[in-house]
Protein chains: 2
Amino acid sequence: MTKRAARAATLTDVARRAGASTAVVSYVMNNGPRPVAAATRERERVLAAAAELNYRPNRVARALRSRTTGVVGLVLADASNPYFGALARHIERALGARDKLTLTGNADYSADRQQDLVERFLAAQVDGLVIVSADGGADVAAEAEAAGVPAVYVHNRPASGHSPVVSADNDAAVHTAVTHLRSHGHDRVAFLAGPHDAGPVGHRRAAWESAVGRTDDTLLRCAYARAAAAALTRDLVARGAMPPALITATDEQAIGVLAGASAAGLSVPGGLAVVSLDGTPDSAHTAPALTVAEQPLRAMARRAVGVLLDGADSASAEAVPPASLIVRRSCGCGSG
Amino acid sequence: MTKRAARAATLTDVARRAGASTAVVSYVMNNGPRPVAAATRERERVLAAAAELNYRPNRVARALRSRTTGVVGLVLADASNPYFGALARHIERALGARDKLTLTGNADYSADRQQDLVERFLAAQVDGLVIVSADGGADVAAEAEAAGVPAVYVHNRPASGHSPVVSADNDAAVHTAVTHLRSHGHDRVAFLAGPHDAGPVGHRRAAWESAVGRTDDTLLRCAYARAAAAALTRDLVARGAMPPALITATDEQAIGVLAGASAAGLSVPGGLAVVSLDGTPDSAHTAPALTVAEQPLRAMARRAVGVLLDGADSASAEAVPPASLIVRRSCGCGSG
DNA sequence: CTGTTAGCGCATTCAT
DNA sequence: ATGAATGCGCTAACAG
């Protein structure tokens, strides 16, 4: 209780206390754009005054003047989904490394809410926008760019979009998964897709079709939710209709399948071999551990931030490597 | 490509186009604080001009003038941890319902990084701060309050802190878990604690001790990570030292235990009954599904936001209910 | 009911 | 090398 909550110190306060002008103090605080005599700077002057007053530059004022906030908006379909959550975490980290603050918003898979969030972020004068949506939605990046704000899509770009997009190599991932399951002697490899074939996850279903190269392998469908996949699995097991080898479009579904199999008394990988396609951290500690084609989320995040801040052809915009197969127990490998 | 990225329209632009003053336009945009003739407002005037120019109020300028940004800073230990991630999601939602934008930062369990984030958020003139740390750290809320910015701790408050804190009722949760396991006939109930007994999770270990009321029940320890718990479990099973009934301090550990048990061939709940104490969404779809004492994360988030924005005694600051037991299969209940 | 005007805190140009 | 003065876009007091 030394001091009552007083008005925060401003540049003017520091200047007065240091017996200097606001211009000089500004030059000192920003190391430029003009030189300041070392004596003025240190010797019982500017720096000292700033420290004594516990001066903290007001970024709002700075933003108004310099037309740049140092804040980037991150629009997510839903951070509760571990895939998006992990992506968000990497994006926030990459942004922080570039000295940007992250304004985060969840659209809950709603195109309207996504639109609203973008509107708010634009009003907040963000320096850029990273958009991670599940599928569909308006071309909000175009809207941002019309307002002079750069934007990047990650994971999914709406059909009508033309802005840069960073996505994983789904074809390679699916191909890898199919090949691995076949190496276990599975002639037929079923696929658990989403409810509709929209978006990049829907694309995986097409990749599976072309990878198996035949038309009689089983195509299963359910929502991208653990509970839905678990229910489907219990039902299939009860009807004796569960195929022996399965690729799931997402980790969420794979985890649901494992839960359903456990509840139905079906052993994995004994009675069912499973490979998933995201490779989020969650997949490493399921029972049994999931074999996955792991998407390089961190590389995707770094590339997205590079493209956003430096343009698509900058050196900082390193390429995204293909998914890599991580062999664990759910496919039948290992001492399971 | 209809228009090249031009300077965004300002209040002045709208005023000029509508043939009105900036004051009137401001009154219209904000519905106040003074009345405006309906004719001026609608009839081919202000609203029309704003729409034609695609006017979007600059919140930075507004913030500078009104000394309030409409942005709240959320400092997290680590959003990758599903417990914190779920909490963050609820907090963002509660903040959105109050028309606040959320600036999110992850401290990665580092006190230094947490300090740095708070500094940045304060410089960004946030209207408030929500701090979710694992344990320890400086009393950053006090620092914020010294700068005139309200702050709330969620989950954990550092020992030296005096700011409001919203936390779960750990004692009740642990007691519930112990009682349930005993009802399954388990005389002894082991506990898997964290590496040190710091923070609220450490508190759970003390609650367990008092709940079992004896000194010879097994106390296990490992890091709050799935991998650590899985490794510990494999080791214990290999040595034949795994107790038959176990309460884990966190869901992360419980999931690790399940993974370890699966890898080691130990059946749950057959050979080991497990109850966990967080109840994050993840716990519902493990194999087998986890019985948990579920923390009311959503209520905690709402209360935190209520306390932050309206003060601790406001009506909006509804109380946090105790944890509720969710019975699933890992304890031995159900048709497992 | 509406117009004019003075700052909010800072970066920067123009003088010195 | 430094100081004085201007304006970023907006809100709200102050005049009509």
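Quick note on labels: first sequence line is chain A, next is B, and so on, each numbered from 1.
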Could you tell me the separation between the [atom1] atom of [X] and the [atom2] atom of [N], rounded to a whole number of Å?
X: Asn30(B); N: dG9(D); atom1: CG; atom2: C1'; result: 13 Å
X: Gln125(B); N: dC8(C); atom1: CD; atom2: P; result: 14 Å
X: Arg62(A); N: dC8(C); atom1: CZ; atom2: C1'; result: 16 Å
X: Arg7(A); N: dG7(C); atom1: CZ; atom2: P; result: 14 Å
X: Leu64(A); N: dC10(C); atom1: CG; atom2: P; result: 12 Å
X: Arg59(B); N: dT11(D); atom1: CZ; atom2: P; result: 11 Å
X: Arg65(B); N: dT5(C); atom1: CZ; atom2: P; result: 16 Å

Options [options], nucleotide nearest the side-chain atoms of [X]:
X: Leu11(B); options: dG3(C), dT2(D), dT11(D); value: dT11(D)
X: Arg34(B); options: dG9(C), dC14(D), dT2(D); value: dC14(D)
X: Ala20(A); options: dT2(C), dG3(D), dT4(C); value: dG3(D)
X: Pro33(A); options: dC10(D), dG9(C), dT12(C); value: dT12(C)
X: Ala37(A); options: dA1(D), dG9(D), dT12(C); value: dA1(D)
X: Thr22(B); options: dT4(C), dC10(C), dG3(D); value: dT4(C)

For [X], which contact category applies under a 4.0 Å heavy-atom criterion: base, sugar-phosphate, or nothing?
X: Ser66(A); result: nothing
X: Val36(B); result: sugar-phosphate
X: Ser26(A); result: base
X: Ala63(A); result: nothing

On the nucleotide [N], are OP1 or OP2 found under 4.0 Å from the side-chain N or O atoms that [X] carries?
X: Arg67(B); N: dG9(C); value: yes
X: Tyr27(B); N: dC10(D); value: no
X: Asn58(A); N: dC8(C); value: no
X: Ser21(A); N: dG3(D); value: yes

Quick check: closest heavy atoms across Arg62(B) and Pro57(B), and the distance to 0.1 Å?
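Looking at all heavy atoms of both residues, the closest pair is NH2-CB, 3.4 Å.
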If you take all heavy atoms of Ser80(A) and Asp78(A), which pair is closest and at what distance?
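What the structure gives for the nearest pair is N-OD1, 2.8 Å.
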Tell me whether the count of non-hydrogen atoms from other residues, nucleotides or ligands lying under 6.0 Å of CZ in Arg56(A) goes above 12.
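Atom CZ in Arg56(A) is packed in, count exceeds 12.
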Donor-acceptor under 3.5 Å (Asp108(A) side chain, Ser110(A) main chain):
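No, the answer is negative, given that no donor and acceptor are paired below the 3.5 Å cut-off.
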Would you say Asp13(A)'s side chain and Thr10(A)'s backbone share a donor-acceptor pair under 3.5 angstrom?
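Yes, Asp13(A) side chain to Thr10(A) backbone: donor-acceptor pair under 3.5 Å.
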